[in-house]
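Proteins get letters first, then strands, A, B, ... in listed order; numbering begins at 1 in each. Any value given below was found using the heavy atoms of this structure, including those in side chains, with hydrogens, waters and symmetry copies removed. Treat the numbers as computed from the prediction; the structure is a model and nothing was measured.
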Amino acid sequence: MCGRYVIAGVHELSERFQLRTIPAELFPTWNAAPTQRLPVVVEDAATERALRMMQWGLLPRWNRPGSRPIAPINARAETLEEKPMFRGLLRRSRCIVPVNGFYEWRQGGGRKQPYYIAPADGDIWGLAGLYDEIEGPDGEPLASYTIVTTAANPLLAPLHERMPAILRPDDEEAWLSRDVDDPRQLELLLRPAPADEIAVRPVGPAVNSARNNGPELIAADEPADGADG
DNA sequence: CCAGACGTTGTT
DNA sequence: GTCTGG
DNA sequence: CCAGACGTTGTT
DNA sequence: GTCTGG
């Protein structure tokens, strides 16, 4: 998505992810940025799902010291099967990124107005992701992921041409299942979410600075200068 | 064959 | 690793 | 995405 | 302007 910031600041995730409460110290990320870590769900949906902290920005295995590193934060749903970088991951390394919502900006009278975009019903979204694990500089495994994007729906199109692939709750199990590996079947899960499931509202400019990080960024009473959605 | 890139978004 | 360009 | 830095020499 | 860091 264009707003590269995903917020995932809940301490207690939705029941449907079957996750334990996340200790606050593991979850400092409301205004997330590449290289910051977010909780990512992996494993088979039928089993207990693991909660991991992963780095946003997919580090391919062929990144080598000395050459320009590459770490895409997004992957286009439409081309997952044709891009060599993602083709194998689509089959074998899918994950879900639980988020409260994300941000987009719109040019408004000379300055950028940030908007907070979240589930209309107040639940949590599971974004489609692909991940990989490499050996980090310290020799420890280093996991990273990318968020799949799809075309923006009519609600979000004025803000941005792309939006994250929000999985329908009923599709989350299939996305995680190791028994599914048909690209056509998988790409069906990545269609734009319906507009009536999405709420958009302006938020204050504090979110513009990555140094600001906390639930106050999306507080309901946040001053909304330049409101309209 | 080898060398070199490999991704997305945004902006105009 | 795997694909493209030359 | 936005905010903020962006260079070198010499010295410790 | 362009790149990096968050």
Side-chain angles (χ1 to χ4, degrees), chain A residues 1-9 27-38 53-95 97 99-118 127-135 142 144-152 156-165 183 187 190 192 200-218 222 225-226:
Chain A
M1 59 244 143
C2 72
R4 272 144 71 156
Y5 291 73
V6 170
I7 69 161
F27 216 144
T29 303
W30 285 81
N31 188 359
T35 75
Q36 287 190 301
R37 290 179 179 226
L38 293 181
M53 301 299 286
M54 288 191 194
Q55 175 172 315
W56 185 19
L58 180 70
L59 301 167
R61 314 185 79 86
W62 39 258
N63 263 348
R64 282 194 281 289
S67 52
R68 187 174 70 101
I70 187 174
I73 59 172
N74 293 131
R76 295 176 64 91
E78 300 89 331
T79 55
L80 292 180
E81 183 61 9
E82 53 185 75
K83 301 289 184 180
M85 182 172 180
F86 300 131
R87 187 184 302 147
L89 300 180
L90 176 63
R91 291 172 166 270
R92 303 182 310 270
S93 303
R94 302 183 298 273
C95 63
V97 186
V99 301
N100 298 85
F102 58 94
Y103 303 109
E104 300 285 6
W105 281 259
R106 190 167 84 178
Q107 196 78 35
R111 51 193 175 151
K112 300 282 184 107
Q113 169 63 50
Y115 293 87
Y116 177 55
I117 298 146
L127 306 185
L130 303 175
Y131 72 98
D132 205 351
E133 210 168 75
I134 63 174
E135 186 175 325
L142 176 56
S144 61
Y145 67 94
T146 188
I147 293 173
V148 178
T149 66
T150 190
L156 297 183
L159 293 179
H160 200 79
E161 183 186 22
R162 309 288 298 173
M163 66 185 281
E187 288 181 11
L190 305 176
V200 182
R201 66 179 164 81
V203 291
V207 69
N208 291 352
S209 174
R211 292 180 312 187
N212 299 327
N213 201 19
E216 66 278 3
L217 296 177
I218 56 169
E222 189 74 24
D225 56 325

If pairs are Watson-Crick or G-U with both distances under 3.5 Å, what is the dot-bracket string of DNA chain D, marking crossing pairs with [ ] and pairs to another strand with |?
||||||......
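- Side-chain proximity of Pro84(A) to the nucleotides dC2(D), dT2(C), dT8(B) is greatest for dT2(C).
- Atom name P, nucleotides dG7(B) and dG7(D): the rounded distance is 29 Å, in whole Å.
- For Lys112(A), the listed nucleotide lying nearest its side chain is dT11(B); candidates were dG7(B), dT11(B), dT8(B).
- In this structure, Trp62(A) forms an aromatic stack with the base of dC6(B), since both conditions hold: centre separation below 5.5 Å and plane angle below 30°.
- Between the C1' atoms of dT2(E) and dC6(B), the separation comes to 22 Å (whole Å).
- Taking the centre of each ring, Tyr115(A) and Tyr103(A) stay at or above the 6.0 Å mark.
- Using P as the reference atom, dG5(E) and dT8(D) are 16 Å apart when rounded to the nearest Å.
- Here the nucleotide nearest the side chain of Ser209(A), chosen from dA3(D), dT11(B), dT9(B), is dA3(D).
- No donor-acceptor distance shorter than 3.5 angstrom exists from the side chain of Asn74(A) to the backbone of Thr149(A), with no hydrogens or angles considered.
- The side chain of Phe86(A) lies closest to dT8(B), out of dT8(B), dG1(C), dC2(D).
- Nearest nucleotide to the Asn208(A) side chain, out of dC2(D), dG7(B), dT9(B): dC2(D).
- For the pair Arg162(A) and Glu78(A), the salt-bridge criterion is met [side-chain N within less than 4.0 Å of a carboxylate O].
- Between dG10(D) and dA3(B), the two P atoms lie 39 Å apart (nearest whole Å).
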